[in-house]
Amino acid sequence: MSASPLKISVVVPVHNGAHFIAGCVESILAQTFPACEILVVDDGSTDGTGAVLEAFGGRVRVIAQPQKGRSAARNAGIEAAQGDYVAFLDADDRFLPSHLEQLSVGSDNGRHDIVYDWVGTPYCPPGCRVPRKPEGRSAWKHIRKYQLWVVTSMVKREFLARTAILFPAGMEIGEDALFFWRLILAGASVRYVRARGCDIGVHDANTTRAPQRGAAEPYDRLEQEMRQGACPASARIRGAIRCGRNHDALMALLARLYLDGPATGEPYLRALLRHAAQPCVLPSDRARALLAAGWLLLPAARTRRMTRLIFGYFLTARLSAAPATGKPASSSEAE
């Protein structure tokens with residue numbers, strides 16, 4: 001890739017996002033490193049989204065299609081993009097002003113295939129330490145604990161074209177995880193920029209509030225592709241998949257426990273102890289399960305600090321206002 005400034009296309013899928021899409025687009029236009037194009041894929045909206053987008057004129061390219069789902073909409077944007085990289089944003093989220101600039105710098109003049117930073121509000125708001133995340137030779141660890149948010153990432157368009165990897169059409173929960181796992185297993189060079197890059201919208205219609213935590217489909221598909229010889233099937237990757245399944249199961253359990261409260265503790269206590277005793281579990285997950293068991297057994301342990309430590313920023317932010325349905329509320333991205 002040449003030493004000239006990188007060109008970054010931003011792809012935004014939207015379906016009935018009239019209340020959000022203007023703020024989303026404005027956050028892209030406000031970048032300190034301008035996108036070369038903004039591609040909004042209107043996935044069959046019927047609520048006036050199109051009229052909102054028309055107000056931006058030539059600053060936004062709108063691709064209208066019948067409703068096919070978020071994965072198909074992102075794929076349409078990838079296929080139409082002209083930039084060196086394709087970055088993604090959802091209609092109800094917003095880029096922080098320096099997001100594209102820090103990804104551009106992190107790309108090392110286009111040397112890396114995937115560059116990502118971290119989420120801000122509500123998971124890592126100002127004042128919180130930005131955590132370390134897998135990159136380089138450790139990128140495979142995303143399979144055992146998915147931490148690569150699609151809305152904080154950009155992917156080299158040439159690498160996408162060469163591998164023919166797109167989002168799995170028809171898959172709406174965990175599609176982002178499978179997309180990035182496939183890229184990583186195909187040999188993508190991954191760079192993490194340890195800075196906040198995107199604020200996440202929180203509202204009742206958000207899929208991160210949906211009761212579908214722990215969905216096995218991304219893992220099932222990856223294992224099927226391994227059996228078919230479509231991707232590496234080393235013992236390390238198989239172990240990572242087992243850890244990933246157990247991690248998602250634990251997060252689903254903690255989500256339900258948070259909603260139900262400690263009064264319903266006995267079944268949860270048994271499940272937490274069973275999880276901690278499993279052989280293929282991340283050390284951090286084992287510790288979290290044991291801390292949650294202590295939280296159930298000892299009322300004195302139910303401090304605000306301990307609750308946040310066990311249930312995480314995403315649960316504290318998102319479930320505190322959710323109805324007590326007894327169902328998990330989460331997403332493959334929310335760690």
Side-chain angles (χ1 to χ4, degrees), residues 1-13 24 27-39 74-75 77-90 93-120 123-124 129-143 145-167 175-200 332-333 335:
M1 190 169 292
S2 69
S4 59
L6 294 177
K7 295 180 179 179
I8 303 175
S9 303
V10 179
V11 170
V12 181
C24 168
S27 77
I28 304 172
L29 293 171
Q31 290 296 292
T32 56
F33 184 97
C36 71
E37 59 182 349
I38 302 172
L39 303 165
R74 288 189 183 127
N75 291 341
I78 290 172
E79 291 167 357
Q82 298 296 313
D84 301 311
Y85 283 86
V86 181
F88 304 95
L89 186 60
D90 288 343
D93 301 332
R94 300 189 181 194
F95 284 159
L96 297 178
S98 60
H99 172 62
L100 294 183
E101 181 177 4
Q102 57 203 27
L103 292 189
S104 175
V105 173
S107 76
D108 193 11
N109 194 37
R111 187 168 69 88
H112 301 291
D113 302 307
I114 301 172
V115 189
Y116 74 108
D117 53 24
W118 196 231
V119 291
Y123 308 115
C124 187
R129 181 176 61 88
V130 179
R132 297 184 183 277
K133 298 294 173 183
E135 61 176 336
R137 294 183 179 180
S138 297
W140 63 272
K141 293 181 180 179
H142 285 290
I143 297 172
K145 185 179 179 182
Y146 178 62
Q147 303 172 77
L148 207 164
W149 290 61
V150 65
V151 296
T152 66
S153 310
M154 71 176 188
V155 183
K156 189 185 293 184
R157 191 165 61 89
E158 181 274 333
F159 190 83
L160 291 173
R162 175 156 44 90
T163 59
I165 293 174
L166 293 170
F167 288 89
E175 83 289 347
D176 48 351
L178 184 58
F179 172 73
F180 282 108
W181 293 346
R182 286 170 169 170
L183 291 173
I184 290 168
L185 292 177
S189 171
V190 181
R191 172 69 187 275
Y192 171 55
V193 179
R194 195 177 179 186
R196 298 171 183 82
C198 181
D199 283 342
I200 304 300
S332 63
E333 296 175 328
E335 298 304 323

>> Using a 3.5 Å distance criterion without hydrogens, assess whether the side chain of Thr163 forms a donor-acceptor pair with backbone atoms of Phe159.
In response: yes
>> Going by side-chain contact (heavy atoms from CB on, under 4.5 Å), name the residues that satisfy it together with Ala195, two or more places apart in sequence or in a different chain.
In response: Gln102, Val193
> Under the criterion side chain to side chain contact (heavy atoms under 4.5 Å, CB included), which of Val12, Val86, Asp90 is the partner of Arg74?
Replying inline: Asp90
> What is the minimum heavy-atom distance between Leu89 and Ser27, and which atoms define it?
Replying inline: CD2-OG, 3.8 Å
>> If we check side chain to side chain donor-acceptor pair (under 3.5 Å) with Gln147, which of these qualifies: Lys133, Arg132, Lys141, His142?
In response: Lys133
> Gln31: what forms a side-chain contact (heavy atoms from CB on, under 4.5 Å) with it, not counting sequence neighbours?
Replying inline: Phe95, His99, Leu100
> Considering residues at least two apart in sequence or located in another chain, which fulfil the side-chain contact (heavy atoms from CB on, under 4.5 Å) criterion with Arg196?
Replying inline: Leu96, Cys124, Cys128, Val130
> How would you list, by chain and number, every residue that makes a side-chain contact (heavy atoms from CB on, under 4.5 Å) with Ser107, sequence neighbours excluded?
Replying inline: Leu6, Tyr85, Val115, Met154
> Quick one: CG on Asp176 to CH2 on Trp149, what's the gap to the nearest 0.5 Å?
Replying inline: 9.0 Å
> Under the side chain to side chain donor-acceptor pair (under 3.5 Å) test, which residues partner Ser153, sequence neighbours left out?
Replying inline: none
> Considering residues at least two apart in sequence or located in another chain, which fulfil the salt bridge (Lys or Arg N to Asp or Glu O under 4.0 Å) criterion with Asp113?
Replying inline: Lys156
> Can you say whether the rings of Phe179 and Phe167 are parallel (under 30°), tilted (30 to 60°) or perpendicular (over 60°)?
Replying inline: parallel
